[in-house]
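Heads up, the thing below is written out as structure tokens.
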2 protein chains.
Amino acid sequence: MNNVQEESRRDRKRLQRRVVLIEIARRLIAANGLRSLKVRDVAEAAECSIGSVYNEFGDFDGLILTVNRDTVQALTDRLNAVPADDPIRQLHDLADAYLGFATEHANLLRALFEHRMEDDRPFPDDILSMVMDAFALMHAPLVRLLPDRDASDVALLSRMMFSAVHGIISLGLEERMVAVPPEQLRERLALFIDTHLAGLGLHG
Amino acid sequence: MNNVQEESRRDRKRLQRRVVLIEIARRLIAANGLRSLKVRDVAEAAECSIGSVYNEFGDFDGLILTVNRDTVQALTDRLNAVPADDPIRQLHDLADAYLGFATEHANLLRALFEHRMEDDRPFPDDILSMVMDAFALMHAPLVRLLPDRDASDVALLSRMMFSAVHGIISLGLEERMVAVPPEQLRERLALFIDTHLAGLGLHG
DNA sequence: GCGCGAAAATGAACAATGTTCAAGAAGAAT
DNA sequence: ATTCTTCTTGAACATTGTTCATTTTCGCGC
């Protein structure tokens with residue numbers, strides 16, 4: 001076997017295990033929450049040693065952050081799949097997509113927002129950017145709806161609107177502190193956006 | 001010394017230590033976040049044994065929950081101190097009070113919302129009720145502003161509005177994912193509420 | 001194939017931390 | 001003073017993230 005094949009075989013194996021580890025970690029977080037994720041459980045499920053997890057991700061945070069990175073990406077993909085033809089419709093769909101994702105992946109989304117780094121290491125910039133970008137996705141439709149407003153003003157408005165939606169959803173889906181009952185969340189969110197748009201002088 | 005004094009002396013001592021333990025735990029959480037709170041640190045700072053912490057609070061969750069209980073109470077007190085003469089003003093002040101509390105006690109408030117029980121024990125009902133009650137404090141002013149609306153409708157609306165404010169603030173104050181810059185948070189929140197009220201057909 | 005050196009895998013050992021509990025100390029009751 | 005109850009203590013334990021010396025694997029030149 002030549003160099004290229006040899007090299008790629010090793011890399012393939014390594015990459016495959018990496019994927020397996022991530023998938024297992026994600027499944028465990030999704031099933032039982034970030035808090036009950038243990039290195040040993042992941043290693044055992046992947047049929048490898050504890051040390052291998054460390055070789056691949058550096059430390060436990062590394063694994064969690066990788067899962068979180070995937071979570072933001074999946075969320076972003078879902079939000080980006082919202083059609084952009086009608087801006088008002090788009091805003092509704094964005095909120096709805098967020099609600100859908102939060103419903104289906106509650107523990108994964110919580111892991112993203114609630115995870116704190118070990119010690120006081122800084123939060124990775126790339127994940128931060130990805131989240132910020134996701135939260136900026138209401139910007140485009142709002143620019144179309146408010147063409148005369150100051151650009152930075154709309155930028156702030158869009159992030160604020162998304163933060164509000166996030167707050168309503170995350171508290172509404174929290175089993176314990178039900179601020180808004182889950183079964184009414186969908187229509188309530190739509191109403192919320194309509195009300196806010198009306199307050200901005202727009203009609204849905 | 002008679003029975004009553006003996007009894008109360010013991011109780012006083014016990015109560016005093018309880019207060020000390022709570023105060024230390026609160027200070028540690030406020031300073032470094034819930035994650036870095038350790039039983040041994042609390043015990044050492046209180047100059048008692050680890051076991052005494054367990055005698056007093058049952059387990060570590062017990063101590064945390066007690067601090068969280070105090071946090072909700074302090075938050076509620078602050079929200080209740082908002083004058084109730086003008087309903088629109090009251091809504092603004094409630095948001096502002098929440099922002100103030102979240103700014104001054106960021107780690108304590110995070111501990112309240114992010115703490116997960118050990119294993120899967122249920123979240124204590126009393127704390128849950130207290131949080132729900134706090135989040136219902138926008139109800140009264142909204143009832144005055146919307147006297148013709150259905151009661152349960154306004155109840156939902158008020159919790160949703162508070163959840164939205166919570167989302168904007170908690171993400172805005174998160175050092176890492178700054179959705180809305182802290183220095184603009186105050187005026188932006190006011191604007192947010194005005195916009196929403198306008199959408200409801202009201203004028204600030 | 002063979003042997004060598006680099007890279008990776010392993011899991012025992014370690015460190016940090018929540019929890020328990022048997023033994024002792026302190027206090028209440030008589 | 002004695003006894004019984006209660007509280008306090010901290011050593012020992014269980015769990016879990018982390019390290020690292022050892023072993024295994026693997027690529028590569030011969």
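A note on names: the letters A, B, ... follow the listed sequences, proteins ahead of strands, and every chain is numbered from 1.
- The phosphate of D/dT9 (OP1 or OP2) has a side-chain N or O of B/Ser52 nearer than 4.0 angstrom.
- The CD-P distance, from A/Glu56 to C/dA7, rounds to 16 Å in whole Å.
- Between the P atom of D/dT9 and the CD atom of B/Glu44 lies a distance of 14 Å, rounded to the nearest Å.
- For the pair B/Leu28 CG and C/dT17 P, the computed distance is 12 Å after rounding to whole Å.
- Using a 4.0 Å cut-off, some side-chain N or O of A/Lys13 falls inside it from OP1 or OP2 of D/dC26.
- For A/Tyr98 and A/Phe162, the ring centers are positioned less than 6.0 Å apart.
- Atom CZ of B/Arg14 is separated from atom P of D/dT9 by 14 Å (rounded to the nearest Å).
- Across all non-hydrogen atoms, the minimal contact from B/Thr103 to B/Leu173 is N-CD1, 3.7 Å.
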In B/S/- notation (B base, S sugar-phosphate only, - none; protein heavy atoms under 4.0 Å), nucleotides 13-20 of chain D written 5' to 3' is ---BBBB-
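- Between B/Leu112 and B/His115, the closest side-chain pair of non-hydrogen atoms is not below 4.5 Å.
- The separation between A/Arg35 atom CZ and C/dG18 atom C1' is 10 Å, rounded to whole Å.
- The ring of B/His166 has its center closer than 6.0 angstrom to the ring center of B/Phe113.
- Under 4.0 angstrom from either OP1 or OP2 of C/dA9 there lies at least one side-chain N or O belonging to A/Arg17.
- If you take CD of B/Glu47 and C1' of D/dG10, they are 16 Å apart, rounded to a whole angstrom.
- B/Gln90 and B/Asp86 are not linked by any side-chain donor-acceptor pair at a separation below 3.5 angstrom, with hydrogens and angles left out of the test.
- By the 4.5 Å heavy-atom criterion applied to side chains, B/Met117 and B/Pro122 are not counted as neighbours.
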